[in-house]
> 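Got a structure for you, written out below as structure tokens; questions coming shortly.
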There are 2 protein chains.
Amino acid sequence: MIIVSLKHALLGFLSFGPATGYELKHAFENSIQHFWNADLSQIYRTLESLKDEGFVTMRIEHQETKPPKHIYSLTESGRAELIRWLSEPTVELPTVRNPFLFKVFFGALLPKETVLEHLRRFDAALHERLEIYKQIQEYLPKRCREQGLRAHKPFLLATVRLGLRNLEVQQQWCRELISEIERL
Amino acid sequence: MIIVSLKHALLGFLSFGPATGYELKHAFENSIQHFWNADLSQIYRTLESLKDEGFVTMRIEHQETKPPKHIYSLTESGRAELIRWLSEPTVELPTVRNPFLFKVFFGALLPKETVLEHLRRFDAALHERLEIYKQIQEYLPKRCREQGLRAHKPFLLATVRLGLRNLEVQQQWCRELISEIERL
DNA sequence: CCCAGATATATGATTATACATATATTAGCA
DNA sequence: TGCTAATATATGTATAATCATATATCTGGG
């Protein structure tokens, strides 16, 4: 099953209005980092290929001091492709890849204290991430208002809500496991 | 941050005893499919490179009717590398990539009924996956007993528990969102 | 005043991942 | 009898993703 989502994610954000690669990177960070992230270099290359396919157009805006902006806009054909992809059912659940869980899975091969150390770090990382998602959740309504995306608000918030709940569940699991291992 | 986990996952499973690539694929499916999965072709290639690095050895067992088995065993150096990797703290939270969530995120661009359809399919997929994880959870203790991995049991079960809870949280979220959108 | 970080783009290299395909036999089912 | 699934390996290709690096300027904090 081929999933070329970065392309469609970029088309999606461009449906909110024209933007540069750099701005799109921030759009990722400010809204969907809990279910996708992308390297800037990958975003630039993908935008180029979207241009080649005719899904976006690009114009250059020169700035005095900073590098020129390459501003991409969605074309009609790009919008059609976006809607086509969005309408298509998702066949499979996403592949999860969590190398950290290997360290728990094979925990019996390690001293108890090392596993506990791993789990405490994980807990701390979850905590940090939770704070970020809470901020995203807090600022999203304002961003929606500012950018005239009122109709989008419930959908954007819904995905953040899932991100938050996932983190909470992981944190609870992590803390329970710490107690369990301490008692072993 | 370079994370070459498939290598270490294979070393981990080989620490339970010698196995073929085909068997390792099943080991993935029967225990950690909730946080990792790997293509058979990728497993074969990775085993070869582990052999080149001296972390495993391979011997061929010829069979009458079926293709010969390539049985891989962990070497001392492989075990050392496994322990080294397991002991090393995981720096970052895993990257999640869920293309389905894009379809929710950009849900305002679609007819309400299409989004609901997506969500219902997602719910069904979660249900299916839940059944699989429950089976894994049910059979893991038996597998541990049979393979003399008693000390591993609490760790293996812990990771499955997280997989189950993640699915449950997603299912709950999904159902709530269906109601919310129906009311819109 | 210096250093870090934000702004803005881009290329090159390497690795990881996915997908198709090939081979060959057996077992079970309809 | 014909089809599918399981057993078992392997290659070839294409794309996705990561990482390092390069350039150039401005802003803000210590």
Side-chain angles (χ1 to χ4, degrees), chain A residues 1-10 18-30 32-33 35-53 56 58-72 90-99 102, chain B residues 1-10 18-30 33 35-53 56 58-72 91-99 102:
Chain A
M1 184 61 200
I2 300 165
I3 304 162
V4 227
S5 294
L6 180 56
K7 281 194 180 189
H8 296 98
L10 293 175
T20 68
Y22 193 80
E23 287 162 357
L24 289 164
K25 170 66 178 167
H26 288 286
F28 272 74
E29 276 167 9
N30 292 326
I32 59 161
Q33 66 167 272
F35 67 89
W36 204 274
N37 74 7
D39 199 77
L40 249 184
S41 68
Q42 200 190 338
I43 290 174
Y44 287 128
R45 274 190 267 241
T46 306
L47 285 169
E48 274 308 291
S49 83
L50 286 170
K51 198 180 67 177
D52 294 342
E53 291 171 283
V56 301
M58 190 263 279
R59 66 183 179 83
I60 294 179
E61 190 182 287
H62 287 280
Q63 304 183 103
E64 285 144 51
T65 60
K66 290 175 226 163
K69 285 184 176 183
H70 293 201
I71 301 173
Y72 292 87
T90 311
V91 185
E92 289 178 55
L93 289 182
T95 306
V96 185
R97 263 165 231 285
N98 191 339
F102 279 131
Chain B
M1 184 60 199
I2 302 165
I3 303 162
V4 228
S5 294
L6 179 57
K7 281 195 177 186
H8 296 98
L10 293 174
T20 68
Y22 193 81
E23 286 161 358
L24 288 164
K25 170 68 176 164
H26 288 286
F28 271 73
E29 276 166 8
N30 292 325
Q33 65 165 274
F35 67 89
W36 205 274
N37 75 5
D39 198 77
L40 248 184
S41 69
Q42 200 190 339
I43 290 174
Y44 286 128
R45 274 190 265 239
T46 305
L47 284 170
E48 274 309 291
S49 82
L50 285 171
K51 199 180 69 177
D52 294 342
E53 292 173 282
V56 302
M58 190 264 275
R59 67 184 178 80
I60 294 177
E61 191 182 286
H62 288 279
Q63 303 182 102
E64 285 144 49
T65 60
K66 289 174 226 163
K69 284 184 177 182
H70 293 199
I71 302 173
Y72 291 86
V91 186
E92 290 178 56
L93 290 182
T95 306
V96 185
R97 261 164 232 286
N98 191 340
F102 280 129

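Within every chain, numbering begins at 1; the chains are lettered A, B, ... in the order of the sequence lines, protein sequences first and strands thereafter. Remember, it's a predicted structure, so these values are computed and weren't measured experimentally.
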> Is there a side-chain contact between A:Ile60 and A:Ile71 in this structure, where contact means two heavy atoms from C-beta onward sitting under 4.5 Å apart?
no

> Polar atom pairs between nucleotides 24-27 of chain D and protein, under 3.5 Å, N or O only, would you list them?
none

> Over all heavy atoms of both residues, which pair between B:Leu6 and B:Ala38 is shortest? Give the atoms and the distance, please.
CD1-CB, 3.8 Å

> Taking atom P of D:dA10 as reference, at what distance in whole Å does atom CD1 of B:Ile43 sit?
13 Å

> When the distance from CD of A:Glu23 to C1' of C:dA6 is rounded to whole Å, what number comes out?
13 Å

> Nearest to the side chain of A:Asn37, heavy atoms from C-beta on, is which of C:dA8, C:dT17, D:dT18?
D:dT18

> Any donor-acceptor pair under 3.5 Å linking the side chain of A:Lys69 with the backbone of A:Thr20?
no

> I would like to know whether A:Leu47 and A:Leu10 meet side-chain contact (heavy atoms from CB on, under 4.5 Å); could you show each step before the answer?
CA-CA 8 Å; A:Leu47 285 169; A:Leu10 293 175; 4.2 Å; yes

> Could you go through nucleotides 11-13 of chain C and list every protein N or O atom that sits under 3.5 Å from one of its N or O atoms, giving the distance for each pair?
from   : atom 1 : to      : atom 2 : distance (Å)
C:dG12 : N7     : A:Arg45 : NH1    : 3.1
C:dG12 : O6     : A:Arg45 : NH2    : 2.4

> If we count only N and O atoms by modelled type, under 3.5 Å, do the side chains of B:Tyr72 and B:Glu23 hold a donor and an acceptor together?
no

> Nearest whole angstrom, please: distance from the P of C:dA6 to the CG of A:Asn30.
12 Å

> What nucleotide, of C:dA18, D:dT9, D:dA17, holds the atom closest to the side chain of B:Gln42?
C:dA18

> Starting at atom CG of B:Leu24, determine the distance to atom P of D:dA10, rounded to an integer number of angstrom.
13 Å

> With a non-hydrogen cut-off below 4.0 angstrom, is B:His62 in contact with a base, only sugar-phosphate, or nothing?
nothing

> How are the rings of B:Phe102 and A:Trp36 set to each other: parallel, tilted or perpendicular (split at 30° and 60°)?
tilted

> Is B:His26 close enough to D:dT7 that one of its side-chain N or O atoms is under 4.0 Å from OP1 or OP2 there?
yes

> Evaluate the criterion side-chain contact (heavy atoms from CB on, under 4.5 Å) for residue pair B:Lys7 and B:Leu50; output intermediate values, then yes/no.
CA-CA 7 Å; B:Lys7 281 195 177 186; B:Leu50 285 171; 4.2 Å; yes

> Would you mind reading off the distance between A:Glu53 atom CD and D:dT15 atom C1', rounded to a whole angstrom?
13 Å

> What is the distance, rounded to the nearest whole Å, between atom OH of A:Tyr22 and atom C1' of C:dG5?
9 Å

> Looking at A:Glu48 and A:Arg45, is any side-chain nitrogen of the basic one under 4.0 Å from a carboxylate oxygen of the acidic one?
no

> Without decimals, in angstroms, what is the distance between B:Leu40 CG and D:dT7 P?
11 Å

> Using the closest heavy atom to pick a nucleotide of DNA chain D for each, name whichever of B:Arg97 or B:His70 lands nearer the 5' end.
B:His70

> With a 3.5 Å distance limit and no angle check, can you tell me whether A:Asn37 reaches the backbone of A:Gln33 through a side-chain donor-acceptor pair?
no

> Quick one: B:Glu48 CD to D:dG12 P, roughly how many Å, whole number?
14 Å

